[in-house]
Amino acid sequence: MEEVKLKRSISWKQGTAMAIGSVLGSGILILPAVTAQVAGPASIIAWIVMSILAIPLALTLGRLAATIPNAGGIIAYAREAFGPMVGSITGWLFLGTIPVGVPIIALVGAHYIGTGYHLSNLEMTAIAATMLGTSLILNARGIEISSWVQVSIVFIIAGLLLFAVITASPYVESQSFHPFVPRGWFPVGMAAVSIFWCFVGWEIVVHLVEEFQNPVKDVFLSLCLAPVVVGIIYVALAIVTVGTLAYGSDVGITPLIILVSKGFGPLATYITAFLALLITFGGIHMNIAGFSRMVYAQAREGDFPEIFATLHPIYKTPVMALSGLAVVFTVILTFNGLFNPNLGTMIQWPSIIFLVLYMISMASALKLLRRWDYGWWMALVSLIFCIILYPFSGWACLYPPALAAVGWLVSIGMEFHSKI
């Protein structure tokens, strides 16, 4: 029987927009204020360092995608470098990221709308559910439609963030940067771990490699351009957030509204709330696209149940993987609607797992790429930075080993069962 394959329809232009959109998500809406509150003006250093780190990290993923053009992405690289057991464990680590992180992204965007229109927690949860449902449907219809939606959203996102920086810049005051390191340098490291959430998303593009028209060239080019654009936007926003004192307990999780209202008053609050919703949708849309392809690829390899390797008969999309995500999203949104947990705290958990996943991908690159060439050195530098960041995550650093242990036990059980 002829193998059913994913449809190739993504160009490098769409890929670049998708890479930018997958990273410019909910983190930028709240983390400039959160990190400034944790580390003071020195949080800007953390933003600069993480922006620089993102470049070799993204380029290494691009090199790996060109070398191993598999929708499994990081999991496929780990399997090729270290064997099927490590690949399977890596897949289990992914289960603790997007299914948890994407509903958080949706809820952050819903909070922006809720702030502008004074909505209740249940109403904001309903908005998040609408965004997630819309993205699931679009992804089920095909990546070509999804990619053009993403291109449009990225243009709006870039315009909004540039708008926020320009309107807030006249209100930046030099005294806002003193003292520069009010709480010492350890909080700067803690801020960097939180900021890592803002640079999560490059791996989503490599999960789509089987749907690029020219994967060897286009994926790498997309991951060359996107980190530069993202880094410039992030650092500029961090500077104006600190310089205008748009952070603190009275700001909550909607600092971007504060920045825009500096120049345009109350009307800007409603405009920004609506556009922040688009920022959020762009992030969840790409993460759902990439994760569903990863689940499909792992089911195809036998690591996940075979049913998730089912493609839609017409659109050739991983419809069963998307259906599985819908179930998990429903559970998490129900939990939020009932208990209204702290979103800033919840972000730390999927963020630290992404840090571990990037460590695995960089270690894989050191084994798979030609030693001593520029790709190998980029992987080494990225791996060292990730290892340095890991201890700053506090108690959250226990989450990845616990999930990896579950994956290892399940893999051992499946291997034992197959031998009986």
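Residue indices begin at 1 and follow the sequence shown. Predicted model only: the values in this text are computed from it and were never measured.
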(message) Any carboxylate oxygen within less than 4.0 angstrom of a Lys/Arg side-chain nitrogen, looking at Lys367 and Glu80?
(response) no

(request) May I ask you to test the Ile332-Val102 pair for a side-chain heavy-atom distance under 4.5 Å? (result) no

(message) Check the orientation of Phe304 and Trp92. Use parallel for under 30°, tilted for 30 to 60°, and perpendicular for over 60°.
(response) perpendicular

(message) Please evaluate residues Tyr390 and Val356 with respect to the criterion side chain to side chain contact (heavy atoms under 4.5 Å, CB included), reporting the C-alpha separation (whole Å), side-chain torsions for both, the decisive distance (0.1 Å), and the verdict.
(response) CA-CA 8 Å; Tyr390 190 76; Val356 172; 3.4 Å; yes

(request) Measure the shortest side-chain to side-chain distance between Phe308 and Tyr296 over non-hydrogen atoms and say whether it is less than 4.5 angstrom. (result) no

(request) Using a cut-off of 6.0 Å, state whether more than 12 heavy atoms not belonging to Trp376 lie near its atom CH2. (result) yes

(message) Check this for me: Leu409, atom CG, are more than 12 non-hydrogen atoms of other residues, nucleotides or ligands nearer than 6.0 Å?
(response) yes

(message) Measuring from atom CG of Leu357 to atom OH of Tyr77, what distance do you get when rounded to the nearest 0.5 angstrom?
(response) 12.5 Å

(request) State, yes or no, whether a side-chain contact exists between Asn336 and Asn121 at a heavy-atom distance under 4.5 Å. (result) yes

(request) Can you establish whether the number of heavy atoms outside Met359 located under 6.0 Å from its atom CE is more than 12? (result) yes

(request) Working to the nearest 0.5 Å, report the span between OG1 of Thr134 and CG of Asn139. (result) 11.0 Å

(request) Using the test ring pair (Phe, Tyr, Trp, His ring centres under 6.0 Å), find all partners of Phe335 that sit at least two apart in sequence or belong to another chain. (result) Phe339

(request) State, to 0.1 Å, how close Pro187 and Val38 come at their nearest heavy-atom pair, and which atoms those are. (result) CB-O, 3.5 Å

(request) Count the heavy atoms belonging to other residues, nucleotides or ligands that lie under 6.0 Å from OH of Tyr358, then report whether that count exceeds 12. (result) yes

Pair up each side-chain donor or acceptor in residues 62-70 with any protein partner under 3.5 Å, not counting sequence neighbours, and list the distances.
from: Arg63; atom 1: NH2; to: Asp373; atom 2: OD2; distance (Å): 3.2
from: Thr67; atom 1: OG1; to: Arg63; atom 2: O; distance (Å): 2.8
from: Asn70; atom 1: OD1; to: Gly72; atom 2: N; distance (Å): 2.6

(message) I'd like to check the side chain to side chain contact (heavy atoms under 4.5 Å, CB included) partners of Val165; sequence neighbours left out, ordered by chain and number.
(response) Ser169, Ala236, Leu237, Val240

(request) Flag the pair Glu210 and Arg300 as a salt bridge only when some basic side-chain nitrogen lies within less than 4.0 angstrom of an acidic carboxylate oxygen. (result) yes

